[in-house]
Amino acid sequence: MYNQGWSDQQRGVQVKALNPQASDITVYYTGLLNKAGATQVFLHAGFGDPKHWSITEDYRMQRTPEGWKKSFNMEDHTVSFCFRDSGNNWDNNNGNNWTYRIT
């Protein structure tokens, strides 16, 4: 069995590993922006040290009946992320962002 992911149900964020190495993941989002009726959500992610992001990317998330999702390859063992909508409103976990680590 491999690390299958992580969840912050209260804030509507979930990460699922897509392979045993957890190098490919899907991030699911049903949080604040979704609840506010966002027509597009972007995953803003950076790899490496959570205090000094590198290889920063904005990923367009796909709307699904369950909320928003985006799959991508981990560029490092640690990814930090937050969300924004097309109106430039952010959900950054009260300034703490979210972090997922491959263990």
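Fair warning: this is a prediction, and the values are worked out from it, not measured in the lab. For reference, positions follow the sequence shown, starting with 1.
Judged by a 6.0 Å distance limit and a 45° cone about the ring axis, Arg84 is positioned over the six-membered ring of Phe42. Both cation-pi conditions hold for Lys16 and Tyr28: the charged atom is under 6.0 angstrom from the six-membered ring centre and inside a 45 degree cone around its axis.
Judged purely by distance below 3.5 Å, without hydrogens or angles, the side chains of Arg11 and Asn93 pair a donor atom with an acceptor atom.
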Stepwise side-chain contact (heavy atoms from CB on, under 4.5 Å) test for Asp85 and Trp90:
CA-CA 7 Å; Asp85 66 14; Trp90 290 80; over 6 Å; no
Apply side-chain contact (heavy atoms from CB on, under 4.5 Å) to the pair Arg60 and Trp68, showing each step before the final yes or no.
CA-CA 10 Å; Arg60 179 183 296 267; Trp68 299 89; over 6 Å; no
Could you walk me through whether Phe72 and Val27 pass the side-chain contact (heavy atoms from CB on, under 4.5 Å) check?
CA-CA 8 Å; Phe72 60 95; Val27 175; 3.8 Å; yes
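Separating the OG1 atom in Thr64 from the NZ atom in Lys70 is a distance of 13.5 Å, to the nearest 0.5 Å. Taking OG of Ser80 as the start and CG of Asn92 as the end, the distance is 12.0 Å to the nearest 0.5 Å. A distance of 8.0 Å separates CG in Asp58 from CG in Leu43, rounded to the nearest 0.5 Å. Atom OG1 of Thr56 sits about 14.0 Å away from atom CZ of Phe81, to the nearest 0.5 Å. The CD atom of Gln9 lies 7.5 Å from the CD atom of Gln14; values are rounded to the nearest 0.5 Å.
Minimum interatomic distance between Cys82 and Asn97 (heavy atoms only, all atoms of both residues): CB-OD1, 3.3 Å. The two atoms that bring Gly46 and Trp53 nearest to each other are N-CE3, 3.5 Å, heavy atoms only. The heavy-atom pair separating Ala38 from Arg63 by the smallest distance is O-NH2, 2.8 Å.
Checking Val79, Leu18, Ile102, Asn73 one by one against Ile25, the side chain to side chain contact (heavy atoms under 4.5 Å, CB included) holds for a single residue, Val79.
Taking the side chain to side chain donor-acceptor pair (under 3.5 Å) definition, one finds that Thr30 meets it with nothing, sequence neighbours left out.
The closest donor-acceptor contact from the side chain of Ser54 to the backbone of Phe47 lies under 3.5 Å.
In this structure, Ser86 and Thr39 have side chains that are in contact, with non-hydrogen atoms separated by less than 4.5 Å. Side-chain contact between Phe83 and Val13 is present, with at least one heavy-atom pair separated by less than 4.5 Å. Contact check for Thr78 versus Tyr100: no side-chain heavy atoms found under the 4.5 Å cut-off. At least one side-chain heavy atom of Met61 sits less than 4.5 Å from a side-chain heavy atom of Tyr29.
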